[in-house]
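Chain identifiers are assigned alphabetically (A, B, ...) following the order of the sequence lines, protein sequences preceding nucleic acid strands; residue numbering begins at 1 within each chain.
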There are 2 protein chains.
Amino acid sequence: MTDGFNATQPIYLQLLQKVIIQIVRGDLKTGEKLPSVRELGAQFKVNPNTVQRAYAELERLAVVETRRGLGTFVTEDKACLNQLREQLKHEKIDTFIQDMKEMGFNAVEIIAGLSEHLNDKSN
Amino acid sequence: MTDGFNATQPIYLQLLQKVIIQIVRGDLKTGEKLPSVRELGAQFKVNPNTVQRAYAELERLAVVETRRGLGTFVTEDKACLNQLREQLKHEKIDTFIQDMKEMGFNAVEIIAGLSEHLNDKSN
DNA sequence: AATGGTGTACTATTAATATAGTACACCAAA
DNA sequence: TTTGGTGTACTATATTAATAGTACACCATT
């Protein structure tokens, strides 16, 4: 709609993924405070309600904890975050392989094509 | 909604992808007739209008041709289909690598994790 | 005690998707 | 020529996402 969002998926889900990526990368560390719903809403030119919906979902996933009147914080549970990172990695790889095989590519083609792309880019 | 569809993306787009996969796999061959909008609608328990929207988009992509009163057919242009297959492969690989790196995984981790998953499954 | 920033809840409106239903144009085959 | 299957177009309705606006509860700081 406004900025860097895919029109075919709810914004709150894309917002949720952006935050999760930041956590998995380590850009948002354990216990660190997230931007307020109003602040993040302003940053992405999106309604605060939409941000809140993403935050609520993040809390449901136990990735963040909210303290009324204080803000929303990344969970202190490092094991949970490590598990999240591993889980996301496996899911991503799994769906990738599944999709590729569904399109008729075999393991050799996948590895070959992947090596090409990895060589093209910077590590 | 009904059967095997993701609720976070329009059905007509998911339908479009299903057809494209069938074409790329070779299950739907050059010049072959697609199911009618009514037939496919019944098969997926979806409104014919939704199917038609997917078919219209497929025609815009030049992968199918529609002949009024006859039906919708896979394009005769084999070069176009080969190009489509290659394009989809590269796009899929590219977004996969991009996503993985965005989450903080490097080339080594990607290859390693991928090899594990490929060994788990049947080739 | 007062203030300001925070999460949260609620109503109302708009836009897009999916659906239902109907109708028409086109073409091959009987 | 008629029939049946096809794509296509149109109206109308229900649902969901996003937005706008308002209000309240909570808590650290002053």
Whole angstrom value for the distance that separates [atom2] of [N] from [atom1] of [X]:
X        : N       : atom1 : atom2 : value
Glu65(A) : dT8(C)  : CD    : P     : 12 Å
Arg68(B) : dG5(D)  : CZ    : P     : 18 Å
Leu40(B) : dT19(C) : CG    : C1'   : 16 Å
Leu13(B) : dA16(C) : CG    : C1'   : 12 Å
Phe5(A)  : dT19(D) : CZ    : P     : 8 Å
Arg38(B) : dA23(C) : CZ    : P     : 13 Å
Gln52(A) : dC10(C) : CD    : P     : 11 Å
Phe73(B) : dC27(C) : CZ    : P     : 12 Å

Classify the side chain of Asn49(B) versus the base of dG21(C) as yes if they form a donor-acceptor pair under 3.5 Å and no if they do not. yes
Just to confirm, is there a sub-4.0 Å distance from OP1 or OP2 of [N] to any side-chain nitrogen or oxygen of [X]?
X        : N       : answer
Ser36(B) : dT6(D)  : yes
Thr66(B) : dT6(D)  : no
Thr50(A) : dT19(D) : yes
Asn47(A) : dA20(D) : yes
Thr72(A) : dT6(C)  : no

Comparing nearest nucleotides in DNA chain D, the 5'-proximal residue of the pair Tyr12(A), Arg67(A) is Tyr12(A)
Have a look at Arg53(B) and say if it touches a base, only the backbone sugar-phosphate, or nothing, with a 4.0 Å heavy-atom cut-off. sugar-phosphate
So which one's nearest nucleotide on DNA chain C is more toward 5', Gly69(A) or Ala56(A)?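 Comparing both residues, the 5'-ward one is Gly69(A).
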Here the ring-ring contact (aromatic ring centres under 6.0 Å, His included) pairs for residues 68-97 of chain B, sequence neighbours left out, are Phe96(A)-Phe96(B), His117(A)-His90(B)
Among dT17(C), dG7(D), dC27(D), find the nucleotide with the atom closest to the side chain of Leu70(A). dC27(D)
Are Leu114(B) and Met100(B) grouped together when hydrophobic residues (ILVMFWY) are joined by side-chain heavy atoms under 4.5 angstrom apart?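 Both belong to a single hydrophobic cluster.
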If only side-chain N and O atoms count, and only distance matters, is there a donor-acceptor pair under 3.5 Å linking Asn6(B) with Thr8(B)? yes
Least distance between heavy atoms, Val24(B) atom then Arg85(B) atom: O-NH1, 3.6 Å
Please check if the side chain of Lys92(A) supplies one atom and the backbone of Lys89(A) the other of a donor-acceptor pair under 3.5 Å. no
